[in-house]
Amino acid sequence: MERIYNFSAGPAMLPVEVLKEAAEEMLNYKNTGMSVMEMSHRSKDYEMILDEAEENLRKLMNIPNNYKVLFLQGGGSQQFAMIPMNLMKNKEADYILTGVWAKKACAEAKLYGKVNVIASSEDKNFNYIPEVNHLQINEKADYVYICENNTIYGTKYWNVPDTKGKILVADQSSCFLSEPVDVSKYGLIFAGAQKNVGPAGVVIVIIREDLITDEVYPATPTMLRYKIHSDNKSLYNTPPAYGIYICGKVFKWLLKNGGLTERAKINQEKAKILYDYLDQSQLFKPTVNKESRSLMNITFVTVKEELNDKFIKEAKTQGLVNLKGHRLVGGMRASLYNAMPLEGVKALVVFMKKFEEENQ
Ligand SMILES: *Cc1c(COP(=O)(O)O)cnc(C)c1O
């Protein structure tokens, strides 16, 4: 069976080595005579899978000891509620709007307190990251919230905002593990696994210990309290056990292949191939200005609207799939997450050149 290049924004490609290993272990995990899917989450074997996953993630990201790592459910979207419910002690927070995901997080936070929009790029359909070095941070704000990589629009913060000492909270769903990160700059980082890490159903939260308290929004459900998950080491209830197992394999795969410094180099190289071509093409145009470009999600259009659909259809026949852009942006989007091999991007650009020649 042949694998194709899947440019989906998520769920997205996973490393072949990881999938193969999981396939080999599917019926009989390490002589247990059962699949990880069939295993008690309280068993010794599973405990080892979970512990090892956390340990390897800590190693990969160099996570300081005063941060907890939680493997939760509910996707990125549930974090939009958990964050204000758990962190809004003054019932006020500052949000920066750089796209749909940030807007959704902002709307959710409004259910729990006062929300200030301190910067936005909505005026240009979110095709850039606003200036964040001289923000008016509100005195009473409990935290400043950003969506660090904007999956739909193809933008990325290349430096984090100056929060004037306030806690920085970041949705890193679509850039998680794509490059080294200084965790100590953040109070909380979260990422839904299905973009750059593993299967859907797992969301990873990295949270500074002092932010985990019992002092939460009144009547916050037990399941939505960071403290309950932290106290129980992500085993308060049945965790997304199989998903965590796959995430753990991806962490190992990254460590084995040079960690995040090496990953960042490869990701830069991959993105450069596509951006360099887009910048000189007469037919294709990138939609994001140079300073704000994401390495993970690359958005572009053709200069003739009617060619977009034709391009997407023809690319599919060449084994280059899921290149359709999000309906809010239109055009095309190529997601180049960690598991997309260099050859995949090269194949895409070869096809784009050919398409350009044929459709002058
Ligand atoms: C996909 C995505 C989400 C939403 O994730 P779900 O797991 O579907 O809730 C949130 N933020 C970003 C940046 C995303 O890319």
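When a ligand or atom number is given, it counts from 1 through the structure's own listing order. Only heavy atoms go into these numbers, but all of them, side chains included; no hydrogens, no water, no symmetry mates.
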* Partner residues of Tyr29 under the ring pair (Phe, Tyr, Trp, His ring centres under 6.0 Å) criterion, sequence neighbours left out -> Tyr245
Pairwise, report which nitrogen or oxygen atoms of ligand 1 are under 3.5 angstrom from protein nitrogen or oxygen atoms, and how far apart they are.
{"unit_1": "ligand 1", "atom_1": "7 (O)", "unit_2": "Gly76", "atom_2": "N", "d": "3.0"}
{"unit_1": "ligand 1", "atom_1": "7 (O)", "unit_2": "Gln194", "atom_2": "NE2", "d": "2.9"}
{"unit_1": "ligand 1", "atom_1": "9 (O)", "unit_2": "Gly76", "atom_2": "N", "d": "3.2"}
{"unit_1": "ligand 1", "atom_1": "9 (O)", "unit_2": "Ser77", "atom_2": "N", "d": "2.8"}
{"unit_1": "ligand 1", "atom_1": "9 (O)", "unit_2": "Ser77", "atom_2": "OG", "d": "2.6"}
{"unit_1": "ligand 1", "atom_1": "11 (N)", "unit_2": "Asp171", "atom_2": "OD2", "d": "2.6"}
{"unit_1": "ligand 1", "atom_1": "15 (O)", "unit_2": "Thr151", "atom_2": "OG1", "d": "2.5"}
{"unit_1": "ligand 1", "atom_1": "15 (O)", "unit_2": "Lys195", "atom_2": "NZ", "d": "2.6"}

* Asked: Any chance NZ of Lys91 has more than 12 other-residue heavy atoms, nucleotides or ligands included, within less than 6.0 Å?
  -> yes
* **Pair listing, side chain to side chain donor-acceptor pair (under 3.5 Å) test, anchored in residues 212-222, at least two apart** => Lys89-Thr213
Sequence neighbours left out, cut at 3.5 Å: what donor-acceptor pairs do the side chains of residues 95-105 make with other protein atoms?
{"unit_1": "Tyr95", "atom_1": "OH", "unit_2": "Tyr143", "atom_2": "OH", "d": "2.7"}
{"unit_1": "Thr98", "atom_1": "OG1", "unit_2": "Asn150", "atom_2": "OD1", "d": "2.9"}
{"unit_1": "Thr98", "atom_1": "OG1", "unit_2": "Asn150", "atom_2": "ND2", "d": "3.2"}
{"unit_1": "Lys103", "atom_1": "NZ", "unit_2": "Glu122", "atom_2": "OE2", "d": "2.6"}

* So, for Phe176 and Phe190, is the gap between ring centers shorter than 6.0 Å? -> no
* Are any of the side-chain nitrogens in Lys265 or Glu269 under 4.0 Å away from the carboxylate oxygens of its partner? -> no
